[in-house]
Amino acid sequence: MDINAELKQLNIELVYMKLECKGCYIPGYKTIFVNEELSEIEARSVIYHELGHIKRHTDMFNLYDLSTMHSKMEYEANQFMIDNLIADSDGHYNYSQVLDRFKLGMGWQFKTQ
């Protein structure tokens with residue numbers, strides 16, 4: 001995925017700055033904020049995660065604070081992130097490393113795009 005083209009198409013701004021967290025998306029500003037101290041792969045992971053929320057949950061952000069919906073939305077955003085990180089590697093990715101890097105259990109379901 002060409003992240004910059006995707007952000008432009010969605011009219012989403014990307015801002016790097018010092019943050020207490022890795023990153024976040026603020027719908028009212030249509031902006032993804034990324035911690036400027038992250039490595040390139042960590043920053044790309046955050047952007048993909050937030051794009052997952054944008055692409056899959058745009059009309060549901062008001063449900064995010066509900067415990068069940070929060071877990072489901074985070075799972076889906078992580079799935080989107082992982083699928084795109086794998087696609088960036090032309091589908092060649094060590095799944096054990098993915099599980100370890102993102103601290104996922106063995107029951108995690110991978111999809112291919």
Side-chain angles (χ1 to χ4, degrees):
M1 170 187 291
D2 180 343
I3 291 176
N4 291 324
E6 190 71 23
L7 292 171
K8 184 175 182 175
Q9 179 183 358
L10 295 168
N11 196 30
I12 303 293
E13 187 175 352
L14 180 62
V15 174
Y16 289 86
M17 60 187 292
K18 286 194 179 219
L19 295 171
E20 297 292 320
C21 62
K22 290 183 179 181
C24 63
Y25 173 65
I26 308 294
Y29 293 105
K30 294 192 77 162
T31 303
I32 295 174
F33 294 94
V34 178
N35 189 322
E36 65 186 14
E37 296 177 359
L38 298 179
S39 69
E40 181 182 339
I41 186 68
E42 289 173 317
R44 192 165 15 127
S45 298
V46 168
I47 295 165
Y48 280 143
H49 177 89
E50 298 307 330
L51 277 171
H53 283 304
I54 294 163
K55 293 179 78 77
R56 295 182 177 175
H57 308 133
T58 297
D59 296 331
M60 299 184 289
F61 282 120
N62 59 329
L63 301 175
Y64 187 77
D65 289 333
L66 300 174
S67 169
T68 303
M69 290 304 294
H70 179 93
S71 295
K72 181 179 184 338
M73 289 176 173
E74 287 301 319
Y75 176 88
E76 291 174 351
N78 282 337
Q79 182 73 60
F80 184 88
M81 171 193 67
I82 290 168
D83 288 345
N84 280 284
L85 290 172
I86 292 170
D88 284 353
S89 300
D90 296 323
H92 303 288
Y93 211 92
N94 182 317
Y95 292 104
S96 295
Q97 289 175 344
V98 173
L99 293 173
D100 186 53
R101 173 183 283 265
F102 298 105
K103 302 193 180 11
L104 301 172
M106 290 301 292
W108 185 268
Q109 297 296 313
F110 291 100
K111 296 187 309 184
T112 56
Q113 294 188 359

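Computation of the quantities below employed the complete heavy-atom set of this structure, encompassing side-chain atoms and omitting hydrogens, waters and symmetry-equivalent molecules.
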Are Val34 and Glu50 close enough that some pair of their side-chain heavy atoms sits under 4.5 Å apart? no

Smallest separation among heavy atoms of Glu36 and Lys18, with atom names: OE2-CG, 2.9 Å

Could you measure the distance from the CG atom of Asp88 to the CG atom of Asp2? Nearest 0.5 Å is fine. 10.0 Å

Below 4.5 Å, heavy atoms only, C-beta onward: do Lys22 and His49 meet side chain to side chain? no

Looking at Ile32 and Ile47, what are the two nearest heavy atoms and their distance? CD1-O, 4.3 Å

Rounded to the nearest 0.5 Å, what separates atom CZ in Phe33 from atom CE in Met17? 6.5 Å

If you group Ile, Leu, Val, Met, Phe, Trp and Tyr by side-chain heavy-atom gaps below 4.5 Å, do Val15 and Ile54 land in one group? no

Side chain to side chain contact (heavy atoms under 4.5 Å, CB included) between Lys55 and Leu10, worked out: CA-CA 9 Å; Lys55 293 179 78 77; Leu10 295 168; 4.3 Å; yes

Are Leu19 and Ile26 connected in a single hydrophobic cluster, I mean Ile/Leu/Val/Met/Phe/Trp/Tyr linked by side-chain heavy atoms less than 4.5 Å apart? yes

Under 4.5 Å between any side-chain heavy atoms of Tyr48 and Ile3, yes or no? yes

Exercise: identify the closest heavy-atom pair between Ala43 and Tyr16: CB-CE2, 4.1 Å

Distance only, no hydrogens: is a donor on one side chain within 3.5 Å (strictly under) of an acceptor on the other, for Asn78 and Glu74? no

If you measure from CE on Met1 to CG on Leu7, what distance do you get to the nearest 0.5 Å? 9.0 Å

Are Tyr25 and Tyr29 in one and the same hydrophobic cluster, where Ile, Leu, Val, Met, Phe, Trp and Tyr link if side-chain heavy atoms are under 4.5 Å apart? no

Side-chain (Asn35) to main-chain (Gly23) donor-acceptor, under 3.5 angstrom: no

Sub-4.5 Å side-chain heavy-atom contact between Asp83 and Gln79: yes

What is the distance from atom CG of Leu14 to atom NZ of Lys30, rounded to the nearest 0.5 Å? 14.0 Å

